[in-house]
Amino acid sequence: MKRSEINAILSDADEMILRHGFALPSFAYWTPEEFLVKAKQAPHIIDSRCGWDITDYGAGDFGKMGLFLFTLRNGLLSDLQGGGGMCYAEKLLISRQDQLSPMHTHVIKAEDIINRGGATLVVELFGSDDDGNFAEDRGGQVMCDGIVRTYAAGEKLTLSPGESVTLRPGDWHAFWGEGGDVLIGEVSTVNDDETDNIFREQLGRFAAVEEDIVPKHLLVSDYADHLG
């Protein structure tokens, strides 16, 4: 993805988030230069990879397959493994109309996916085989707003604003906006996007960036190169 495209997506996403009554924390608006100055005061932001995240899953067509994310807060895997401390994470996501977030599951993370506003969110579901692999002939069970729901293989849940689904490890899922763009909330156990996204197809979690202009804000995938 070109950095100019990423900068434009950041601006559009910020406008949509504000339009739906959410405000991002102050570190969201640090310039790369400000982030570098403040890095020693903000090790947790860097280590837990809070902040802006835009991906085309390495496919090169963000409009067709991609996702905007902002990680508001995130614990560390060591807390989760130790059974105490900051064992949770929270994100805001934007799924554009008909923009696919492809079929995947998680080994560790359980998550609530919440339609925070906009159009309808469609979530396609499959179960796992006995080894945790994608099973095209298996369904399973999820909770929708606390109510247990049994799903068939390939069933598509439709979530209107305010509705949610709880997904556990082994629930394979893909999602997209239907009828317009959707602002999504994600509340989960500790999130590790580098190791805990298992895709059905061979895909990359982060986009390769072509630096045609300077970054407006750093992405979480920029931290290693820009902040050391």
Side-chain angles (χ1 to χ4, degrees), residues 1-24 28 51-72 90-106 111-126 134 142 144-145 149 151-167 171-188 191 193 197 199-210 216-217 219-221:
M1 296 182 70
K2 291 185 176 181
R3 183 68 71 170
S4 54
E5 180 186 8
I6 289 169
N7 285 355
I9 294 167
L10 292 179
S11 296
D12 290 345
D14 189 34
E15 289 179 6
M16 182 175 181
I17 289 167
L18 290 171
R19 191 165 66 247
H20 284 280
F22 291 86
L24 295 178
W52 303 97
D53 185 1
I54 293 168
T55 184
D56 63 358
Y57 299 100
D61 189 347
F62 178 77
K64 182 177 181 181
M65 185 165 67
L67 189 64
F68 164 86
L69 313 92
F70 189 95
T71 301
L72 295 156
E90 181 186 8
K91 293 182 179 182
L92 286 172
L93 298 74
I94 295 173
S95 189
R96 294 184 175 184
Q97 181 173 352
D98 300 325
Q99 181 189 44
L100 177 66
S101 186
M103 188 63 62
H104 65 287
T105 191
H106 309 287
E111 58 187 342
D112 281 6
I113 302 297
I114 310 150
N115 186 334
R116 293 293 192 192
T120 299
L121 179 65
V122 179
V123 183
E124 184 179 21
L125 296 168
F126 287 87
F134 177 86
V142 293
C144 293
D145 298 315
R149 175 168 175 170
Y151 66 86
E155 185 169 347
K156 297 177 178 66
L157 301 181
T158 56
L159 302 178
S160 298
E163 295 181 331
S164 70
V165 60
T166 300
L167 303 171
D171 290 323
W172 288 82
H173 53 285
F175 56 87
W176 58 90
E178 183 176 82
D181 299 346
V182 186
L183 180 64
I184 304 166
E186 178 184 307
V187 177
S188 73
N191 178 82
D193 278 321
N197 288 284
F199 293 101
R200 183 187 181 190
E201 306 295 339
Q202 189 75 26
L203 295 169
R205 170 59 181 81
F206 299 100
V209 180
E210 179 184 339
K216 180 176 182 178
H217 305 298
L219 304 179
V220 296
S221 54

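Note that these values count all heavy atoms, side chains included, but never hydrogens, waters or copies made by symmetry.
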pair [X]-[Y]: side-chain heavy atoms closer than 4.5 Å:
{"X": "E163", "Y": "D145", "value": "yes"}
{"X": "L157", "Y": "R149", "value": "yes"}
{"X": "V142", "Y": "V123", "value": "no"}
{"X": "L121", "Y": "F175", "value": "yes"}
{"X": "V209", "Y": "M1", "value": "no"}
{"X": "I184", "Y": "I114", "value": "no"}
{"X": "L93", "Y": "L67", "value": "yes"}
{"X": "W172", "Y": "L125", "value": "no"}

Is it the case that the side chains of H173 and E111 hold a donor-acceptor pair, with the cut-off being a distance below 3.5 Å and no angle test? yes
If you measure from CD1 on I54 to CZ on R3, what distance do you get to the nearest 0.5 Å? 9.0 Å
Roughly how far, to the nearest 0.5 Å, is the OG atom of S188 from the CD atom of E90? 9.5 Å
Does [X] use its side chain to pair, donor to acceptor, with the backbone of [Y] at less than 3.5 Å?
{"X": "Q99", "Y": "W176", "value": "no"}
{"X": "D53", "Y": "L69", "value": "no"}
{"X": "D56", "Y": "G66", "value": "no"}
{"X": "D112", "Y": "E186", "value": "no"}
{"X": "D171", "Y": "L167", "value": "no"}
{"X": "E15", "Y": "D12", "value": "no"}
{"X": "S95", "Y": "V182", "value": "no"}

May I ask you to check whether Y57 and F206 place their ring centers less than 6.0 Å from one another? no
Evaluate the ring planes of H104 and F199, with Trp represented by its six-membered ring, and classify them as parallel (under 30°), tilted (30 to 60°) or perpendicular (over 60°). tilted
